[in-house]
Amino acid sequence: MEETQNRLKFEIAQAVLKAGLATEEELPDVVLDQPKDKTHGDYATNIAMQLARIAKMAPRKIAEDIVAQFDETRASIKKMEIAGPGFINFFMDNHYLTNLIPNILKAGETYGKTNTGNGHKIQVEFVSANPTGDLHLGHARGAAVGDALCNILEKAGYDVQREYYINDAGNQMMNLALSVEARYMQALGEEWDMPEDGYHGKDIIELGMEIANKDGDKWVHQSEEARRKFFREYGLSYEVQKLENDLRQFGVTFHNWFSETSLYTENKLKPTLEKLKEKGYIYEKDGATWFRSTDFGDDKDRVLIKQDGSYTYLTPDIAYHKNKLDRGFQTLINIWGADHHGYIPRMKAAIQALGYEANTLEVEIIQMVNLFQDGQKVKMSKRTGKAITLRELMEEVGVDAMRYFFVMRSSDSHLDFDIDVARSQSNENPVYYAQYAHARICTMLKQAQEKGLDVNAQYNASLLITEKEENLLKRLGEFPQVVADAAEKRTPHRITQYIFELASTLHSFYNAEKVLDQDNIERTKARIALMKAVRITLENGLTLIGVSAPEKM
RNA sequence: GUCCCAGUAGCUCAGCAGGAUAGAGCAACAGCCUUCUAAGCUGUGGGUCGCAGGUUCGAAUCCUGCCUGGGACGCCA
């Protein structure tokens with residue numbers, strides 16, 4: 001498929017040169033479309049319009065010259081037409097599709113893999129929620145989108161590393177310690193107020209009880225310092241473990257959990273500040289140390305070291321990003337919640353101040369998730385009265401529905417998540433629609449075997465000539481390009497769209513044609529092979545977004 | 001006040017590194033199961049792509065201004 005397109009593009013370029021319409025330097029990239037309308041052929045190019053200015057001729061005249069010079073014998077062309085303002089439409093003879101099925105069956109789970117990423121080293125940092133409570137739905141969407149994006153990038157040939165940044169060094173750790181302390185004391189029956197900025201999640205209540213049960217009143221008698229140090233460390237490891245467990249259950253794992261504290265223990269901050277100072281982006285004012293981020297288009301300069309001598313959040317963050325770059329990543333992708341978008345200009349400024357291109361850092365903003373049930377907006381959990389957590393929703397609707405819905409829409413638009421739809425086993429639920437297509441194929445393959453048909457038999461793909469079959473073949477052939485495109489544009493939702501389209505094409509075929517037909521064994525064999533190819537492609541697509549492909553439903 | 005994102009069918013959204021008659025799901029209406037799962041299929045109706053200019057052979061897509069909705073603007077993290 002890809003070869004077919006490249007061949008076609010090459011031949012078009014040759015025809016343009018032969019017709020003397022442009023020199024090799026002037027020649028623009030040949031763009032091939034797959035028109036939606038079948039009367040416009042299998043492929044179309046707008047090259048004639050693009051050349052209008054260069055060749056100083058009318059687009060239709062240019063198109064005629066190109067067609068005249070085109071060597072049809074070299075690219076499986078049945079027919080060419082000039083249409084509209086100057087499109088050239090190519091109608092392929094269908095041999096170009098017959099290799100597709102064997103290729104897919106041979107590739108199996110690697111079908112869809114391309115090398116468009118060319119081993120480009122890319123790091124994706126996502127979720128990175130503070131270790132002070134449960135993951136909520138914004139985090140869940142970030143996790144689903146981030147993981148899907150990583151899968152897609154890998155499939156497109158990028159060298160991807162997934163990382164979670166643990167904010168375990170700021171003031172919030174003291175708040176965590178004080179919150180655990182309060183819950184511990186309360187568990188022992190003491191009167192003890194929660195700190196002002198404390199964490200009120202039920203996970204902290206459970207943690208307080210856990211320590212009280214295990215250690216009794218041991219910590220009441222310790223010095224405040226020793227006690228809080230213990231609660232801090234205990235709380236942190238408890239929270240991190242919980243994050244890791246919840247995410248793993250959600251199907252999301254990381255190569256690396258990076259501790260903010262390690263930036264201090266491994267002395268990464270000073271050298272970062274030195275480097276910025278060296279380059280002249282740092283100055284002192286009002287007893288504080290500032291970063292001149294306005295040099296790179298930020299609204300105002302930012303404080304790095306406060307009057308009291310402590311660092312702002314930005315300082316370790318710059319050191320962290322320098323560390324990432326030092327590790328050799330060529331592109332950094334950060335997936336952030338919408339509330340952090342104001343932070344992008346200063347972070348990009350920092351990247352540039354460190355001597356890198358601004359677009360070395362890409363920030364994908366994940367918009368809010370609104371939950372709906374019974375037609376009403378839901379904000380709070382019925383059980384706890386707090387914001388609904390990832391864990392609760394997993395229990396409520398299951399991982400598959402969440403993963404699908406969270407990547408279904410483009411990340412920069414708000415997402416309405418309807419619990420009733422996600423749970424419904426009906427045609428309004430796209431997850432079931434896609435999984436159902438997969439299960440249907442599995443049933444057919446199983447029945448084929450029960451009827452004594454060899455599902456691995458030799459087949460003749462040229463027997464697949466009906467319109468529905470051709471639609472399926474074309475759809476299957478698009479997959480590698482769709483994945484590559486989704487990777488390049490960082491648009492995981494393109495994959496859910498494709499899955500839906502493929503499922504729809506399959507359902508349509510299924511209703512129109514019968515696969516298992518004892519009276520036409522040769523065609524049955526070919527259709528079985530086609531079904532296997534569709535099944536593989538569906539499963540590969542679903543796997544990219546972290547959704548299972550069940551064999552029966 | 002400054003900045004970011006969004007505004008496309010009744011609803012939820014695709015399409016936006018310009019291309020042919022703007023697509024899909026839901027909802028509405030009319031059909032399809034003695035035959036591989038009807039969790040499915042087929043068909044019909046439904047649009048001044050927020051508004052106004054501009055660039056172009058061509059604009060939902062790019063540029064400018066305006067309107068509406070959401071969000072961000074700490075020596076918090």
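Quick caveat, the model's predicted, so the values are computed rather than measured. Numbered from 1 within each chain, the chains take letters A, B, ... in sequence-line order. Values reported hereafter were calculated over all heavy atoms of this structure, with side chains retained and with hydrogens, waters and symmetry mates removed.
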Query raised in the report: Could you state the CZ-C1' distance from A/Arg409 to B/C26, rounded to the nearest angstrom?
Result: 10 Å
Query raised in the report: Is A/Ser413 near enough to B/A14 that one of its side-chain N or O atoms lies under 4.0 angstrom from OP1 or OP2?
Result: yes
**Report entry** Rounded distance (Å) that lies between atom P of B/C4 and atom CE of A/Met347
**Finding:** 20 Å
Query raised in the report: Is the glycosidic angle of B/C57 within 90° of 0, making it syn, or outside that range, making it anti?
Result: anti
Query raised in the report: Looking only at atom P, what distance separates B/U56 and B/C49, rounded to whole Å?
Result: 22 Å
Requested in this report: Round to a whole Å and report the spacing from CG of A/Asp416 to P of B/G7.
Outcome: 14 Å
**Report entry** Closest nucleotide among B/C57, B/C36, B/A20 to the A/Gln447 side chain
**Finding:** B/C36
Query raised in the report: Below 4.0 angstrom from OP1 or OP2 of B/A39, is there any side-chain N or O of A/Tyr510?
Result: no
Query raised in the report: Regarding A/Asn118 and A/Tyr158, is there a side-chain donor-to-acceptor distance under 3.5 Å anywhere?
Result: no
Query raised in the report: Any salt bridge between A/Lys446 and A/Glu551, counting N to O under 4.0 Å?
Result: no
Query raised in the report: Judged by modelled atom types alone, do A/Thr389 and A/Asp134 share a side-chain donor-acceptor pair under 3.5 Å?
Result: no
Query raised in the report: Among pairs that include at least one residue of residues 400-422 of chain A, which meet salt bridge (charged side-chain N to carboxylate O under 4.0 Å, His left out), considering only residues two or more places apart or in two chains?
Result: A/Asp147-A/Arg403
**Report entry** Nearest-angstrom distance from the residue atom CZ of A/Phe509 to C1' of B/U42
**Finding:** 17 Å
**Report entry** Spacing between A/Asn46 atom CG and B/U56 atom P, to the nearest angstrom
**Finding:** 19 Å
Query - A/Glu284 and A/Thr289: side chain donor to acceptor below 3.5 Å - result: yes
Query raised in the report: Looking only at atom P, what distance separates B/G71 and B/C75, rounded to whole Å?
Result: 23 Å
**Report entry** Separation of B/G19 C1' from A/Leu32 CG (nearest whole Å)
**Finding:** 14 Å
Query raised in the report: Can you give one letter per nucleotide of nucleotides 70-77 of chain B, 5' to 3': B if a protein heavy atom sits under 4.0 Å from the base, S if only from the sugar-phosphate, - if neither?
Result: SBSSSBSB
Requested in this report: For the residue pair A/Lys552 and A/Thr443, confirm or rule out a side-chain donor-acceptor distance under 3.5 Å.
Outcome: no
Query raised in the report: Quick check: are there more than 12 heavy atoms from other residues, nucleotides or ligands sitting under 6.0 Å from CD of A/Glu450?
Result: yes
Query raised in the report: Reckon A/Arg440 has a side-chain N or O less than 4.0 Å from the OP1 or OP2 of B/A39?
Result: no
**Report entry** Whole-angstrom distance between B/U61 and B/A6, as gauged at atom P
**Finding:** 13 Å
Query raised in the report: Using the rule for Phe, Tyr, His and the six-membered ring of Trp, do A/Phe500 and B/G25 stack at under 5.5 Å and under 30°?
Result: no
Query - Rounded interatomic separation in angstrom, taking CG from A/Asp485 and C1' from B/G15 - result: 12 Å
Query raised in the report: Any luck finding a side-chain donor-acceptor pair between A/Thr524 and A/Asp517 under 3.5 Å?
Result: no
Query - Separation of A/Asp485 CG from A/Lys489 NZ (nearest 0.5 Å) - result: 4.0 Å
Query raised in the report: So what's the dot-bracket for RNA chain B: Watson-Crick or G-U pairs under 3.5 Å, [ ] if a pair crosses, | if it pairs off-strand?
Result: (((((((..((((.....[...)))).(((((.......))))).....(((((..]....))))))))))))....
Query raised in the report: Looking only at atom C1', what distance separates B/G40 and B/A59, rounded to whole Å?
Result: 39 Å
Query raised in the report: What interatomic distance, in whole Å, is found between P of B/U48 and the corresponding atom of B/U64?
Result: 27 Å
